[in-house]
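First comes the structure, then the notes that go with it.
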Amino acid sequence: MATKYWVVDETQLSSLNYDQLKDDNKASTRLSVSGLKAIIESDQVPTGVNKNDSLSQKEALTLMATTEWYEPDPNDEVGLD
């Protein structure tokens with residue numbers, strides 16, 4: 001199975017089996033800006049998530065580029081002349 005991604009509630013992180021995930025532990029898991037959601041990734045369907053709720057890498061990257069998951073750094077000068 002190719003790597004897939006799932007959005008889970010932050011409260012689920014402590015009950016996940018990190019041996020099934022690409023992240024080593026809760027601290028290395030990508031959280032939303034609010035901290036209420038997380039994206040997990042795995043080559044298998046992790047215990048506690050629905051197989052049908054998976055995202056492709058492209059879908060996960062598109063989601064993480066939204067304001068729910070990414071807060072631009074006001075000090076970032078990229079694109080400024």
Check: Taking side chain as C-beta onward, heavy atoms only, is Ile40 less than 4.5 Å from Val49?
Finding: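 With C-beta onward as the side chain, the pair touches.
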
Spell out, yes or no, whether [X] and [Y] are grouped together once hydrophobic residues are joined by side-chain heavy atoms under 4.5 Å, including indirect joins.
X     : Y     : value
Tyr18 : Trp6  : yes
Leu55 : Leu13 : no
Val8  : Leu21 : yes
Val7  : Leu31 : no

Check: Does the pair Tyr70 and Leu63 meet the rule for a side chain to side chain contact (heavy atoms under 4.5 Å, CB included), with working shown?
Finding: CA-CA 9 Å; Tyr70 172 73; Leu63 177 65; over 6 Å; no

Next item on the list: Would you confirm whether Asn25, through its side chain, and Ala27, through its main-chain N or O, come within 3.5 Å as a donor-acceptor pair?
Entry: yes

Item checked: Side-chain donor/acceptor of Asp23 to backbone N/O of Lys26, under 3.5 Å -> no

Margin query: Show, in sequence, the C-alpha distance, side-chain angles and deciding distance for Leu61 and Tyr5, and conclude whether the side chain to side chain contact (heavy atoms under 4.5 Å, CB included) test is met.
Written below: CA-CA 10 Å; Leu61 290 172; Tyr5 302 80; over 6 Å; no

Checklist line | Nearest-0.5 Å distance, OG1 of residue Thr3 to CD of residue Gln44 | finding: 10.5 Å

Check: Got a second to check how far Lys51's NZ is from Lys4's NZ, nearest 0.5 Å?
Finding: 9.5 Å

Note to self: Could you report the tightest heavy-atom contact between Thr66 and Thr62, atom names first, then the distance?
What the structure shows: CG2-O, 3.6 Å

Margin query: Other residues, nucleotides and ligands only: do more than 12 of their heavy atoms fall within 6.0 Å of CD on Gln57?
Written below: no

Note to self: Under a 3.5 Å cutoff, is there a donor and acceptor pairing between the side chains of Gln20 and Thr47?
What the structure shows: yes

Check: Does the side chain to side chain contact (heavy atoms under 4.5 Å, CB included) test come out yes or no for Thr29 and Glu10, once each step is laid out?
Finding: CA-CA 10 Å; Thr29 303; Glu10 185 277 334; over 6 Å; no

